[in-house]
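Notes to accompany the following structure.
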Amino acid sequence: MSSELISLLEREAQAERERLLEEARQRARDILQQAEAEAANLLEAHRRRVDAELEAVRIRAQGVAQLRATSLVLAAKDEQIAEVFQRARQELERLSRDPSRYEPVLRALLQEAVAGFRERVVVECAEQDLPLVQAAVQALGLAAEVRPNPELWGGVRVRSADGRFVVENTLLSRLERARQVLLSEVADILWGG
């Protein structure tokens, strides 16, 4: 009986060992499945995070590219507008060198500049304009001293005798004063919008 008991105990031990091994294998499979699921979740979360970062980088890059393109377009438009005003200045310079066209313009600039003065004035002008300005002062019957000023061209600067009041009325100063108003009109002409 002892051998039968030993045999029975061995079979029971073997069955217990098999059961425990199967339980351990099942637990290992469960742990492996859980680890694989967690790894898949981590991988998916990482993929989403990387995709989100890539999308953010793409959006930033698009924004930077858009800003750069806008900046380049604005710079090109600024250059074109500056060129328009440079050409206008060149035309005004050309006008100031044509006595037949320039004399009536210069007389009108002088007349506008002295309009607010009641007493004797000092009229400054470019050296080459002295004869035209002196003739205009006489023709308009003004009490004025005419002086050359190397800083001026294409018009006059009128000062009160005490120097407290100054009116500059030159082609260039008028162009600069009108520039802000003309900017939108020039842009509309160049780009229709």
Side-chain angles (χ1 to χ4, degrees), residues 53 55-193:
E53 288 173 8
E55 182 65 12
V57 167
R58 184 187 65 76
I59 289 170
R60 276 193 305 272
Q62 277 182 326
V64 167
Q66 184 65 38
L67 283 174
R68 184 172 169 98
T70 300
S71 175
L72 290 172
V73 167
L74 289 175
K77 285 182 175 185
D78 281 348
E79 283 179 28
Q80 287 178 333
I81 288 174
E83 185 177 326
V84 166
F85 282 99
Q86 181 59 33
R87 284 184 183 176
R89 181 186 172 118
Q90 289 168 350
E91 285 302 313
L92 293 175
E93 288 173 2
R94 198 175 350 272
L95 169 72
S96 73
R97 291 188 301 265
D98 181 352
S100 66
R101 290 175 46 212
Y102 181 53
E103 185 176 0
V105 171
L106 184 59
R107 184 181 295 223
L109 291 171
L110 175 62
Q111 199 167 10
E112 286 178 10
V114 298
F117 292 95
R118 301 285 173 243
E119 72 278 350
R120 184 170 179 78
V121 293
V122 175
V123 178
E124 298 175 352
C125 64
E127 181 87 36
Q128 67 268 20
D129 292 346
L130 273 174
L132 294 174
V133 172
Q134 287 168 337
V137 163
Q138 274 188 319
L140 295 170
L142 300 174
E145 176 188 345
V146 180
R147 295 182 189 162
N149 184 328
E151 295 175 4
L152 292 175
W153 68 265
V156 294
R157 181 179 296 145
V158 177
R159 297 178 186 277
S160 60
D162 61 7
R164 292 185 342 177
F165 301 102
V166 178
V167 174
E168 185 167 322
N169 200 13
T170 64
L171 297 172
L172 187 57
S173 68
R174 291 176 74 105
L175 178 63
E176 287 306 312
R177 284 191 301 266
R179 184 182 181 103
Q180 290 305 312
V181 174
L182 294 174
L183 277 175
S184 63
E185 290 180 35
V186 168
D188 283 345
I189 290 168
L190 290 176
W191 304 291

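For clarity, every value in this text was computed on a predicted model and none was experimentally measured. Heads up: numbering here begins at 1 and tracks the sequence.
Atom CD of E145 has more than 12 neighbouring heavy atoms from other residues, nucleotides or ligands inside a 6.0 Å radius. In Q90, the CD atom is crowded: over 12 heavy atoms of neighbouring residues, nucleotides or ligands sit closer than 6.0 Å. The 12-atom threshold is not exceeded at CZ of R68, counting heavy atoms of other residues, nucleotides or ligands nearer than 6.0 Å.
In terms of heavy-atom proximity, A82 sits nearest to R179 at CA-NH2, 4.5 Å.
Here S96 contributes atom OG and L152 contributes atom CG; the two are 12.0 Å apart, rounded to the nearest 0.5 Å. With rounding to the nearest 0.5 angstrom, the CH2 atom of W153 is 5.5 Å from the CZ atom of R89. Once rounded to the nearest 0.5 Å, the distance linking CD of E55 with CZ of R60 reads 10.5 Å. Once rounded to the nearest 0.5 Å, the distance linking CZ of R94 with CZ of R101 reads 8.5 Å. Q134 contributes atom CD, which lies 11.0 Å from atom CG of D129 (distance to the nearest 0.5 angstrom). If you take OG1 on T170 and CZ on R157, they are separated by 8.0 Å, rounding to the nearest 0.5 Å.
Among V137, L130, L110, the one residue that satisfies the side chain to side chain contact (heavy atoms under 4.5 Å, CB included) test with C125 is L130. A side chain to side chain contact (heavy atoms under 4.5 Å, CB included) with V158 is found for one member of L142, V166, N169, V123 and no other, namely V123.
Residues L109 and L171 meet the side-chain proximity criterion, which asks for heavy atoms closer than 4.5 Å. Side chains of R147 and R159 form no contact here, defined as non-hydrogen atoms less than 4.5 Å apart. Two residues are said to be in side-chain contact when any heavy atoms from C-beta on lie closer than 4.5 Å; P150 and E127 fail this criterion. No side-chain heavy atom of E112 sits less than 4.5 Å from a side-chain heavy atom of V167.
For the pair T70 (side chain) and Q66 (backbone), a donor-acceptor distance under 3.5 Å is present.
Between the side chains of Q111 and R107, not a single donor N or O lies within less than 3.5 Å of an accepting N or O.
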inquiry  = Pair E91, R87 - check salt bridge (charged side-chain N to carboxylate O under 4.0 Å, His left out), show working.
reply    = CA-CA 6 Å; E91 285 302 313; R87 284 184 183 176; over 6 Å; no
